[in-house]
Amino acid sequence: MYQWRKFEFFEEKFSGKVPDDITGKIQCCSSGKGRIVLGCDDGSASLLDRGLKFNYGFQAHSSSVLFLQQLKQRNFLVTVGEDEQIASQPPAVCLKIFDLDKMEPEGTSTSSPDCIQILRVFTNQFPEAKITSFLVLEEAPPLLLIVIGLDNGSIYCIQGDIARERIKRFKLQVDNYSDKSQSSITGLGFRVDGQVLQLFAVTPNTVNLFNMHTQAPTRQTLDQIGSSVTSVAMTDRSEFIIGRSEAIYFYEVDGRGPCWAFEGEKKFLGWFRGYLLCVFDDQRTGKNTFNVYDLKNRLIAHSIVVNEVSQMLCEWGNIILILEDKSTLCIGEKDMESKLDMLFKKNLYTVAINLVQSQQADAAATAEVLRKYGDHLYSKQDFDEAMAQYIHTIGHLEPSYVIQKFLDAQRIHNLTNYLEKLHEKGLASKDHTTLLLNCYTKLKDVEKLNEFIKSEDGVREQKFDVETAIRVCRAANYHEHAMSVAKKAGRHEWYLKILLEDLGRYEEALQYISSLELSQAGVTVKEYGKILIEHKPAETVEILMRLCTEESELPKKGASSGAFISMLPSPIDFLNIFVHYPHALLEFLEKYTSKVKDSSAQVEIHNTLLELYLSHDLDFPSISQSNIDEGGNDLAHKSSKSVSNGKAISNKKDVNDEKGRQERRRKGLTLLKSAWPSELEQPLYDVDLAIILCEMNDFKEGLLFLYEKMKLFKEVIACYMQVHDHEGLIACCKRLGDLGKGGDPSLWADLLKYFGELGEDCSKEVKEILTYIERGDILPPIVVLQTLAKNPCLSLSVIKDYIARKLEHESQLIEEDRRAMEKYQEESSIMRKEIQDLRTNARIFQLSKCTACTFTLDLPAVHFMCMHSFHQRCLGDNEKECPECAPEYRAVLETKRSLEQSSKNPDQFFQQVKSSKDGFSVIADYFGKGIISKTSNGPSEANGSNSASSGNDF
């Protein structure tokens, strides 16, 4: 092992002497809890703080301290030492436990921790022998397991809560030779793996392993060669280390492991942060040497010649050597930066890399070492090896640092390799993808390009920016590669853009759209539908039908038809792609409405269909279509023939256009009627828009239907008046002017006014109109005369019969009113006389029987002015009104009250006036009943007279 490189990764922190307070010879030591405990042959135990400063000491044993160990979990100190007894008896070996957190009372002469337990190591069952090794294991608190190795091959074990003396003693036997030098226990070590507890034990002849987790510990011999010196240690991976003169051996539970041929007698072994510590007798120099070995990297991290070493331990992150002359040496590890600087100065980059990796440095530090190593190789023009180092820095080193070094065309292969690794780790940006693809195209490495883009593992497409890759491949005319990337990444818009704009493969584009999911297909058709409609209108319409209806998917969904249709795209979403192709739009919407009857976009669809049906001309040919005939022949070559036959072709086209227009209008009228069934108040289209379309395109039939459905009867007859269709006008009024069928009788008045202002002879029509006006008593004769007087072409003979009949009828009514008036005047006169008689003359009551019970009338009796008489007992409490006349009187009062209430409700009055054939009769009736005849005094009376005078003037 002398070929191992030596480095100074450790440095001396400080050196000095053991404090003078410690006078005895140091026999044992232990560390932990930030302190060092030293045991001496005078029985004292001393505690040292950081910097080996004396804290305090106490007398642990009266004679000497043989072994001690400071516990990790509790601040306890376990010691084994000799205590003096009676002068005639030898010293007794005792085990003591001190609680370092508790000090004895101040009354004592010295300050010492509380000793919580003292046990004799040797008893009658466990005979006395020389103690050669000692070890304490902290189990679950407060349990301890103390093992004591003896020179006779035995191991005494004390287990339990020793502080409370709840213990169990047992013995393990290793070897039992007559020669104690061959059976002495020279080293012990615990191995804990979960619930499994094992004990390594070393003698000069064997290495043994005891399984302590079983009820009766079992022994297993790992090696037939042991060690005669107490140079043992445990690694942080629970490996047992034994030092022999020829080598250092590592043991695991299954036997001997690796060994390291470090020659020389091993005096002390230790393990510190992954380093092997060894104090040995160097045969070449004859001196003691302290080495720190880095076994992973096969180097000596530190080496120093020392005097005779008494104790070696680790605390405060340092290694502490206590020499026989009580001098001390504290050695600490240098920081990683100092170690790396040392290696960089010597250009030992591989050692530096191994060092940072073995010490589990952070990834950034490792990457920095690899970068420096790569720079070193790059400076030596070893580009391949330099790139290998740079690749390991991916994720920590900025890629542009490496890329700039290899942009030279001669090193494009190295750059390509780096960019590939960058993409494999998913750390490439858009620019990196662009650069890599440009490298492939410059190298014309189609195989690499295929591997990068068309890989079938389904993972690589996630390792680069898809859009960038597509753009670069398109620019380099690698259209198939660009399509492959787009397809795998699900970028359907790019796939179709290449198919349609670059390659013009429309059929393939339609097939691809058909294979997509419903939502994706809808998005792509919205974006590229204009191109598809231009070149493949029929096929595009079929795809749209599948998108908007999807009949094949309906049974699979398990949902109702209405719910499923609501999830499908609406035809309205695709209207923009038909902007120059109304014929295809008309075909699409007609097919859709024939299949789907309950679409959520019915109103919008019907509005669009109406606009198409009612438009004057649907033919908007593109330039290419106008120059190519149906057979695909160029019309320019047929110019001479076209000139000769131009007139015939034009006439034929006009006939076809007119037929198509009439057919569309027929469909439009059918749609207007079917989309407004009688059970619906509002139609399944926009009424206002429909009216505007009908007016713009002069569609009279549709306009008449809409007006009639909306009960705009005056607008209906206005349509007939505009075209002077007298026959249709009268027929319309017959249909819409019947009040019994929900019509408006006032239409006849409008009709009469129309003919009165016509200015031509229309005697026949006027006579017919007068018949209906007379039948419904729609207008007074004076209004009829005034209206017809405006037409100079009409003679009096037209209305002579009408006027005669009306005058005769009016005479009859006047006679009836006169007779009724005379009757009312006579009744009023009689009533006035009766009232006067009641006021001026006495009334004689001559009834001898009670009107109620018909028995003879006796006192007390009650007589009413209506000439009815009653026993008082028959009336009860009601003595103020006649029971016989009261109902009639109440009816009169109720009628009067209702009339007064009606006078306070003007809306009812005006409604009766408006709905009556003769409004004047309603007003006269109100006056006759005295409802609106009341007048008040004062200023309002004057106002009333003014109003009356105004009425007279009128």
Side-chain angles (χ1 to χ4, degrees), residues 13-14 18-19 21-22 26-40 44-58 60-61 65-81 95-103 111-117 133-148 158 161-163 187-192 197 199 230 232-238 240-241 268-277 279 309-322 328-333:
K13 295 295 183 180
F14 62 87
V18 174
D21 302 85
I22 301 173
I26 300 173
Q27 294 199 132
C28 55
C29 66
S30 180
S31 63
K33 300 286 185 180
R35 290 179 295 192
I36 291 176
V37 184
L38 302 179
C40 301
S44 65
S46 303
L47 281 77
L48 306 182
D49 291 333
R50 183 181 289 273
L52 299 180
K53 294 179 180 180
F54 184 80
N55 188 342
Y56 69 91
F58 64 94
H61 296 270
V65 179
L66 301 178
F67 299 93
L68 59 80
Q69 183 172 336
Q70 188 172 359
L71 302 185
K72 304 293 184 184
Q73 299 182 24
R74 291 174 291 172
N75 198 16
F76 285 1
L77 179 67
V78 182
T79 65
V80 174
L95 183 145
K96 295 184 179 181
I97 299 179
F98 297 91
D99 188 348
L100 301 181
D101 290 331
K102 297 180 181 179
M103 305 302 291
S111 176
S112 62
D114 186 14
C115 181
I116 59 177
Q117 188 57 263
S133 56
F134 171 78
L135 193 61
V136 180
L137 173 68
E138 293 182 83
E139 297 183 305
L143 302 180
L144 298 177
L145 175 59
I146 300 175
V147 292
I148 302 172
I158 303 173
D161 187 356
I162 299 176
L188 295 170
F190 280 115
R191 182 182 186 276
V192 180
L197 174 61
L199 175 66
T230 58
V232 298
M234 292 292 295
T235 70
D236 50 12
R237 296 190 300 273
S238 297
F240 191 58
I241 309 173
F268 289 94
L269 288 180
W271 190 263
F272 176 74
R273 294 179 178 177
Y275 293 102
L276 174 64
L277 311 180
V279 177
V309 178
S310 172
Q311 303 292 331
M312 182 178 71
L313 67 163
C314 302
E315 187 62 29
W316 309 306
N318 297 322
I319 305 166
I320 301 169
L321 299 178
I322 302 176
T328 60
L329 182 63
C330 183
I331 299 171
E333 186 178 8

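- The shortest side-chain heavy-atom distance between Thr235 and Ile241 falls under the 4.5 Å cut-off.
- Among residues two or more places apart in sequence or in another chain, the side-chain hydrogen bond (donor to acceptor under 3.5 Å, both in side chains) test is passed with Ser46 by none.
- For Phe190, the side chain to side chain contact (heavy atoms under 4.5 Å, CB included) partners two or more places apart in sequence, or in a different chain, are Leu135, Leu137, Leu145, Val147, Leu197, Leu199.
- Taking all atoms of both residues into account, the shortest heavy-atom contact from Cys314 to Phe272 is SG-CD1, 3.8 Å.
- For the pair Phe134 and Leu66, the minimum side-chain heavy-atom distance is 4.5 Å or more.
- Between the side chain of Lys96 and the backbone N or O of Cys115, no donor-acceptor pair lies under 3.5 Å.
- In this structure, Lys72 has no salt bridge (charged side-chain N to carboxylate O under 4.0 Å, His left out) partners at least two apart in sequence or on a different chain.
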I'd like to know whether Phe58 forms a side-chain contact (heavy atoms from CB on, under 4.5 Å) with Leu77, so could you lay out the CA-CA distance, the side-chain angles of the two residues, the decisive distance to 0.1 Å, and finally the verdict.
CA-CA 12 Å; Phe58 64 94; Leu77 179 67; 3.9 Å; yes

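- With sequence neighbours left out, the salt bridge (charged side-chain N to carboxylate O under 4.0 Å, His left out) criterion links Glu333 to Arg273, Lys339.
- Taking 4.5 Å as the limit, every side-chain heavy atom of Phe67 sits out of range of all side-chain heavy atoms of Ile148.
- Partners of Asp99 under the side-chain hydrogen bond (donor to acceptor under 3.5 Å, both in side chains) rule, at least two apart in sequence or in another chain, do not exist in this structure.
- Not counting sequence neighbours, the partners of Cys29 by the side chain to side chain contact (heavy atoms under 4.5 Å, CB included) test are Leu38, Gln311, Leu313.
- By the 4.5 Å heavy-atom criterion applied to side chains, Leu100 and Arg35 are counted as neighbours.
- Contact annotation: the side chain of Tyr56 approaches that of Met103 to within less than 4.5 Å [non-hydrogen atoms, C-beta and beyond].
- Partners of Arg50 according to the salt bridge (charged side-chain N to carboxylate O under 4.0 Å, His left out) rule, which considers only residues two or more places apart in sequence or in another chain, do not exist here.
- Interatomic distance, CZ of Arg237 versus CZ of Arg191, reported as 11.5 Å (0.5 Å rounding).
- With sequence neighbours excluded, the residues satisfying side chain to side chain contact (heavy atoms under 4.5 Å, CB included) with Phe268 are Val279, Val309, Met312.
- Taking all atoms of both residues into account, the shortest heavy-atom contact from Asn318 to Lys13 is OD1-CG, 4.0 Å.
- For Asp114, there are no salt bridge (charged side-chain N to carboxylate O under 4.0 Å, His left out) partners two or more places apart in sequence or in a different chain.
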Determine whether Trp271 and Leu276 satisfy the following criterion, side-chain contact (heavy atoms from CB on, under 4.5 Å), listing intermediate values before the conclusion.
CA-CA 5 Å; Trp271 190 263; Leu276 174 64; 4.0 Å; yes

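- Scanning for side-chain hydrogen bond (donor to acceptor under 3.5 Å, both in side chains) contacts around Lys102 gives an empty result, with sequence neighbours left out.
- Using a 4.5 Å heavy-atom cutoff, the side chains of Gln117 and Asp161 are not in contact.
- For the pair Ile97 and Leu144, the minimum side-chain heavy-atom distance is below 4.5 Å.
- Proximity of a side-chain donor or acceptor of Glu315 to a complementary backbone N or O of Ser31 within less than 3.5 Å is not detected.
- Considering only residues two or more places apart in sequence or on other chains, Ser133 meets the side-chain hydrogen bond (donor to acceptor under 3.5 Å, both in side chains) condition with none of them.
- Taking CD1 from Ile36 and CD1 from Ile320, the interatomic distance works out to 3.5 Å, rounded to the nearest 0.5 Å.
- Val232 is linked by a side chain to side chain contact (heavy atoms under 4.5 Å, CB included) to Val202, Phe240, Ile242, counting only residues two or more places apart in sequence or in another chain.
- Between Leu48 and Phe54, the closest side-chain pair of non-hydrogen atoms falls below 4.5 Å.
- A donor-acceptor contact shorter than 3.5 Å is absent between the side chain of Gln70 and the backbone of Ser30.
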